[in-house]
Number of protein chains: 2
Amino acid sequence: MKIEDEIKQKPFKDAYSKAMVNLLYTNSYLVTGQSRLFKPFGLSPEQYNVLRILRGQHPDPITVSSIQDRMLNKMSNASRLVEKLKQKEMVQRKECAEDRRQVDITITAKGLDTLSQLENEVRKFNKDYIHLSEEEVDQLNNLLDKLRG
Amino acid sequence: MKIEDEIKQKPFKDAYSKAMVNLLYTNSYLVTGQSRLFKPFGLSPEQYNVLRILRGQHPDPITVSSIQDRMLNKMSNASRLVEKLKQKEMVQRKECAEDRRQVDITITAKGLDTLSQLENEVRKFNKDYIHLSEEEVDQLNNLLDKLRG
DNA sequence: TTGTAATAAATGTATATACATTAAATACAT
DNA sequence: ATGTATTTAATGTATATACATTTATTACAA
């Protein structure tokens, strides 16, 4: 449905303002779905994302600031998300020997197991929830990469 | 820049999973910019959005639940956002005569003035921050409308 | 070597999201 | 007319975002 109808608003003044609203609205649509998907596993979307980052390094550790760099939301707070995941025993924290300011984070077996349980479900969700053809989704990816400049 | 490079991650398993991450990441890029833009006016992005909804009805009032329907984030909490705007004297709240469960919200002169001060700046921001041609931004809007199914 | 700057992580505070629950008012069936 | 269900807004709680500040450690220049 056209975004103007979904949020019952008058036509936009220009296509850029429309795109801004359209992107924010679509994000909300996606995050709402993701939240429901992850909920049975006791994870929020951002916690899931941090786990994926850690799995990408496994079995190597990664510091808190490197996690922050790779997070989808640059203004988020890796430190507190890691703490939440530690409480769920999905990550380990260890002081870094070479630089004691840093903290090495590693995903645990429980974390890896949770991710693998979610894997197929997530892929199916992504495909089903994004109502675009293969060609269209490629187009969208290209436009988004360009958008950010 | 390609999303894989920005968040330093391995190639995605499929284009849909990439699009999911790409959309979330782009949203964060946009909201970060918007936050900075609105900050001098003491508004958050969602507060700005609620003000725009109210201006769309002005001089008629609109109920809290109608605001919720038109918000970008359906899971948000119109009641609390309205309370914040009332504290800034940008909206008025009045019990609805026909149905005393409902509350009629109207934008104030101060709210309208704030929006008009922001208007040109917002349009410029949207255009400058989205690095796409007119044609590309139309394409993006069409893809997003279709994506949500 | 000593002082200053820079960096890493944690913490504090305000705002917002996600979702459940409550309280008041209204709708509606019996 | 009365009781039950529904609707509207507000509130409670956990999580996350945005941004400033603090603490500890390291880097580096005078």
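To find a chain, count down the sequence lines: A is the first, B the second, and so on, and within it residues start at 1.
Taking side-chain N and O atoms only, K84(A) has a distance below 4.0 Å to OP1 or OP2 of dT15(D).
In this structure, CZ of R100(B) is placed 18 Å from P of dA23(C), rounded to the nearest angstrom. Atom-to-atom, CG of N73(B) to P of dT15(C) comes out at 18 Å; the value is rounded to the nearest Å. Spacing between atom CG of L30(B) and atom C1' of dA18(D) amounts to 16 Å, rounded to whole angstrom units. For the pair Y48(A) OH and dT15(D) C1', the interatomic distance rounds to 19 Å; values are reported in whole Å. Rounded to whole Å, the distance from CD on Q34(B) to P on dT17(D) is 16 Å. If you take CD of Q47(A) and P of dT17(D), they are 10 Å apart, rounded to a whole angstrom. Rounded to an integer number of Å, the gap from CE of M71(A) to P of dA18(D) is 10 Å. Here dT17(C) presents its C1' atom at 10 Å from CG of L81(B), a figure rounded to the nearest Å.
Checked against side-chain hydrogen bond (donor to acceptor under 3.5 Å, both in side chains), R148(B) has the following partners two or more places apart in sequence or in another chain: E6(A), N22(A), T26(A), D145(B). Here D14(A) pairs with S17(A) under the side-chain hydrogen bond (donor to acceptor under 3.5 Å, both in side chains) rule; sequence neighbours left out.
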- request: Classify every nucleotide of nucleotides 6-13 of chain C by which part a protein heavy atom approaches to under 4.0 Å, writing B for the base, S for the sugar-phosphate alone and - for neither, in 5'-to-3' order.
  value: BBSSBBBB
Without placing hydrogens or testing angles, list every side-chain donor-acceptor pair under 3.5 Å for residues 58-66 of chain B, not counting sequence neighbours.
from: T63(B); atom 1: OG1; to: S65(B); atom 2: OG; distance (Å): 3.4
from: T63(B); atom 1: OG1; to: S66(B); atom 2: N; distance (Å): 3.2
from: T63(B); atom 1: OG1; to: S66(B); atom 2: OG; distance (Å): 3.2

Can you give each donor-acceptor pair under 3.5 Å made by side-chain atoms of residues 29-40 of chain A, sequence neighbours left out, with the distance rounded to 0.1 Å?
from: Y29(A); atom 1: OH; to: Y129(A); atom 2: O; distance (Å): 2.8
from: T32(A); atom 1: OG1; to: S28(A); atom 2: O; distance (Å): 2.8
from: S35(A); atom 1: OG; to: V31(A); atom 2: O; distance (Å): 3.0

Show me the donor-acceptor pairs within less than 3.5 Å that the side chains of residues 113-121 of chain A make with the rest of the protein, sequence neighbours left out.
from: T114(A); atom 1: OG1; to: K110(A); atom 2: O; distance (Å): 2.8
from: S116(A); atom 1: OG; to: D113(A); atom 2: O; distance (Å): 3.1
from: E119(A); atom 1: OE2; to: K13(B); atom 2: NZ; distance (Å): 2.3

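Checked for salt-bridge contact, K84(A) and E46(A) miss the test: no charged N lies under 4.0 Å from a carboxylate O.
Contacts of E83(B) with the nucleic acid, taken as non-hydrogen atoms under 4.0 Å apart, are absent.
Between the E4(A) side chain and the K10(A) main chain, no donor and acceptor come within less than 3.5 Å of each other.
When each of T32(B) and K88(A) is assigned the nucleotide of DNA chain D bearing its nearest heavy atom, the one mapping closer to the 5' terminus is K88(A). Nearest-nucleotide assignment on DNA chain D puts the 5′-proximal partner with P45(A), out of R36(B) and P45(A).
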